Amino acid sequence: MSSEQSLKAFRRDGRIVIVGASLAGLRAAEALRDEGFTGALTLIGDEACEPYDRPPLSKQVLTGWVPADGTALPRRREIGAEWLLGVAASGLDLAGKRVRLADGREIPYDRLLITTGVRARSWPDEAEAALDGVFVVRTRDDSGRLRERLDAGPGRVLVIGAGFAGSEIASVCRERGIPVTVAEVAEAPLVGALGSMIGSIAADLQRAHGVDLRCGVRVTRLEGDGRVRRAHFSDGDAIDAEVVVVALGGVRNTEWLRDSGLAADRWGVACDSGCRAFDINGLVTDDVFVAGDVARCPHPVYEYRFLSLEHWANAVEQAQVAAHNMVSPPTDRWPHLSMPTFWSMQFGVNIKSVGVPVMADEIAVTQGSVEERRFVAAYGYRGRVIAAVSFDNAKWLDHYRQLIETAAPFPPSCPTPDRPADMKPVPADFPDPVVITHGATVLVTGHEPSERRVAFVRPGPLKPQEKRS
Amino acid sequence: MRVVVDLARCQGYAQCAFLAPDAFRMQGEEALAFHSSPDDAQRDQVLRAAAACPVQAILVETAEPS
Ligand SMILES: Cc1cc2nc3c(=O)[nH]c(=O)nc-3n(C[C@H](O)[C@H](O)[C@H](O)COP(=O)(O)OP(=O)(O)OC[C@H]3O[C@@H](n4cnc5c(N)ncnc54)[C@H](O)[C@@H]3O)c2cc1C
Ligand code: SF4
């Protein structure tokens with residue numbers, strides 16, 4: 001059969017398996033049908049329920065407006081798929097083209113899409129993590145349980161980690177009149193994602209809303225008698241708290257791929273910009289694709305660096321590209337080139353970003369006023385614009401997206417009359433450089449080009465708060 | 001009824017909050033909060049809001065999928 005004929009046959013009655021039945025998996029399934037794939041489609045998901053939307057879990061669900069089980073994603077179309085829910089994939093046989101399930105079943109595929117996302121990083125001390133009243137927020141059950149506790153009106157909530165999720169949860173607590181302490185190991189909230197300058201603005205915002213914000217401290221111990229009662233900090237202080245929310249970011253769900261031969265590790269599954277997974281040697285595979293939070297994908301605008309994004313819009317767009325490429329000839333492959341876009345709502349402010357702030361060396365406020373908390377700041381990298389963040393000024397982000405895509409010089413000029421008094425760039429100052437500093441991940445063996453291969457070095461567990469959300 | 005808003009695309013124009021205030025609410029100046037599963041009684045309002053959104057950011061599914 002010619003490759004054209006075999007693609008036609010595959011599109012007609014091939015088998016596509018998607019592992020991870022959430023936002024990226026669902027949108028990919030819909031896009032596959034839009035693309036005209038009429039073969040067998042199987043979605044495997046370890047959560048028992050159908051795909052649901054996660055962003056409301058730290059916002060509308062915790063305020064009490066939307067029920068935890070009420071965020072199921074609307075469907076864009078019928079997908080005619082077989083759903084295997086409530087069962088995890090436990091392994092992958094690349095050569096035999098089979099997904100192994102935790103219940104022993106094996107599911108064969110012609111092409112596979114991996115969308116297993118991330119899970120919440122749990123509190124590293126297991127006994128303390130098991131105390132009643134200690135929560136993470138990733139699933140709807142997590143959010144539903146936390147909301148019940150908030151409904152009961154706890155004396156104080158402690159949020160560990162002031163990334164986006166932690167800050168949003170603190171915001172909900174204040175909105176509900178619940179006293180809240182936020183502990184962050186960095187010098188300010190959001191610095192890991194947006195740098196020091198925005199971090200100090202976020203810190204003011206939290207304090208203005210009555211958050212007891214403690215930066216530069218580590219939570220060293222949670223104390224309780226079955227229920228959590230008290231938390232101890234590295235500066236020697238301690239507070240009483242009935243509820244503790246651990247918001248230390250995510251862990252990529254790649255363990256099930258550990259011995260599969262794919263380039264899957266704690267940073268995700270590496271793939272090309274067409275979403276085709278790399279194997280452990282860095283060779284691109286033809287039949288395995290990746291999308292969403294679990295993917296690590298090079299972006300040409302960012303020096304082809306591999307980006308791991310935990311953004312809703314990225315999951316949707318990457319799923320679309322993966323689906324297209326899964327059922328298209330090599331001559332018609334799409335690259336995933338969309339600009340990363342993120343939003344967060346906290347303390348009544350709409351924070352949005354475009355591009356990749358963490359790569360920046362400089363930042364400048366380019367529109368509006370920081371005092372009024374309504375502004376845009378642009379991020380520069382080696383003299384060009386590479387990202388922007390807005391506080392209650394989202395309408396302008398598309399303008400900055402275009403600046404990034406056209407490699408416009410940094411600092412850009414102000415496009416509106418509300419030129420800020422001070423537009424001087426300052427150092428971006430990210431505490432965590434994007435460079436990986438955890439040592440080697442692989443070892444190379446063999447001498448001849450024909451026999452050189454790599455093997456993973458197994459990393460040890462992370463220490464408490466080594467990673468921020 | 002199921003609703004999701006692509007908040008990366010939403011520009012905070014608030015047309016939706018004006019047309020279906022029980023399903024879409026502005027929080028502060030431009031942050032939009034939406035109800036993911038509004039009551040069926042709000043069907044017409046929600047559909048009108050989705051149609052009016054200038055950037056087509058609102059996805060609504062009215063019938064349960066089969
Ligand atoms: C509380 C919260 C708030 C958020 N707020 C925002 C926001 O404001 N803005 C924004 O842009 N993004 C936000 N996000 C991020 C956004 O929700 C994610 O980017 C999005 O969910 C990614 O979708 P995904 O399908 O790639 O991964 P996920 O949603 O993580 O789905 C992966 C699925 O795969 C399943 N799975 C994992 N391992 C296996 C296995 N071995 N076998 C079978 N199934 C498996 C998981 O259980 C899960 O159901 C938020 C996320 C959370 C948790
Ligand atoms: S109408 Fe559309 S753009 Fe305006 S607030 Fe609603 S969703 Fe956002």
Side-chain angles (χ1 to χ4, degrees), chain A residues 23 26-27 50-53 55-57 59-61 63 65-81 140 171 175 311-317 338-354 372-374 390-398, chain B:
Chain A
L23 180 64
L26 174 64
R27 292 298 179 239
E50 59 171 308
Y52 58 89
D53 203 29
L57 302 183
K59 310 175 184 76
Q60 298 94 300
V61 170
T63 59
W65 188 27
V66 175
D69 60 2
T71 79
L73 283 163
R75 304 293 175 84
R76 285 181 33 230
R77 55 163 296 148
E78 294 270 329
I79 54 172
R140 67 189 204 175
S171 167
E175 197 181 321
H311 300 178
W312 190 94
N314 179 66
V316 172
E317 284 158 14
S338 62
M339 268 300 135
T341 314
F342 183 84
W343 79 83
S344 172
M345 274 175 237
Q346 40 187 286
F347 307 102
V349 177
N350 189 27
I351 303 178
K352 263 175 119 162
S353 75
V354 61
E372 290 166 26
R373 294 202 186 101
R374 187 186 170 82
S390 68
F391 275 49
D392 276 349
N393 223 336
K395 290 176 188 61
W396 282 97
L397 280 193
D398 204 48
Chain B
M1 192 169 32
R2 296 174 176 189
V3 174
V4 74
V5 179
D6 180 345
L7 291 171
R9 198 186 289 181
C10 165
Q11 302 276 318
Y13 289 124
Q15 277 89 332
C16 55
F18 182 70
L19 290 167
D22 293 332
F24 304 94
R25 293 180 188 165
M26 301 313 289
Q27 296 204 318
E29 279 187 49
E30 64 163 47
L32 172 70
F34 60 93
H35 200 297
S36 311
S37 46
D39 199 85
D40 279 335
Q42 296 170 45
R43 188 171 180 271
D44 291 347
Q45 287 181 30
V46 169
L47 289 175
R48 227 174 290 139
C53 172
V55 291
Q56 294 292 292
I58 305 173
L59 177 64
V60 184
E61 187 193 7
T62 46
E64 289 291 311
S66 52

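In what follows, chains are A, B, ... by sequence order, proteins preceding strands, each numbered from 1. Predicted model, so just to flag it, every value in this text is computed and none were measured.
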Are the side chain of [X] and the backbone N or O of [Y] linked by a donor-acceptor pair below 3.5 Å?
| X | Y | value |
| --- | --- | --- |
| A:Lys352 | B:Leu7 | yes |
| B:Gln27 | A:Met345 | no |
| B:Ser36 | A:Thr71 | no |

Got B:Phe34 and A:Val66 here, is their nearest side-chain heavy-atom distance under 4.5 Å?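 When only atoms from C-beta onward are counted, A:Val66 and B:Phe34 do not touch, as no gap falls below 4.5 Å.
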Working to the nearest 0.5 Å, report the span between CG of B:Leu32 and CH2 of A:Trp343.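 Reported value, rounded in 0.5 Å steps: 10.5 Å.
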Atom OG1 in A:Thr341, atom CZ in B:Arg9: separation rounded to 0.5 Å?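 Separation between the atoms: 10.5 Å.
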For B:Val4 against A:Arg27, the heavy-atom pair lying closest together: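 Shortest heavy-atom contact: CG1-NH2, 4.1 Å.
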Considering all heavy atoms, the nearest B:Glu61-A:Pro74 contact: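 It is OE1-CA, 3.4 Å.
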Which bit of A:Trp65 is near chain B, if near means a heavy-atom gap under 4.5 Å: side chain, backbone, both or neither?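 Backbone plus side chain of A:Trp65, per the 4.5 Å heavy-atom cut-off to chain B.
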Is it the backbone or the side chain of A:Arg77 that comes under 4.5 Å from a heavy atom of chain B, or both, or neither?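 The answer is neither part of A:Arg77.
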Please determine, among B:Pro38, B:Ala33, B:Gly12, the option with the most heavy-atom pairs under 4.5 Å with chain A.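 Among B:Pro38, B:Ala33, B:Gly12, the one with the most close pairs to chain A is B:Ala33.
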More than 12 heavy atoms of other groups within 6.0 Å of A:Arg76 CZ: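 Yes.
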Which residue in the set A:Asp392, A:Val349, A:Asn350, A:Asn393 passes side chain to side chain contact (heavy atoms under 4.5 Å, CB included) when paired with B:Glu29?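 Considering A:Asp392, A:Val349, A:Asn350, A:Asn393, a side chain to side chain contact (heavy atoms under 4.5 Å, CB included) with B:Glu29 is found only for A:Asp392.
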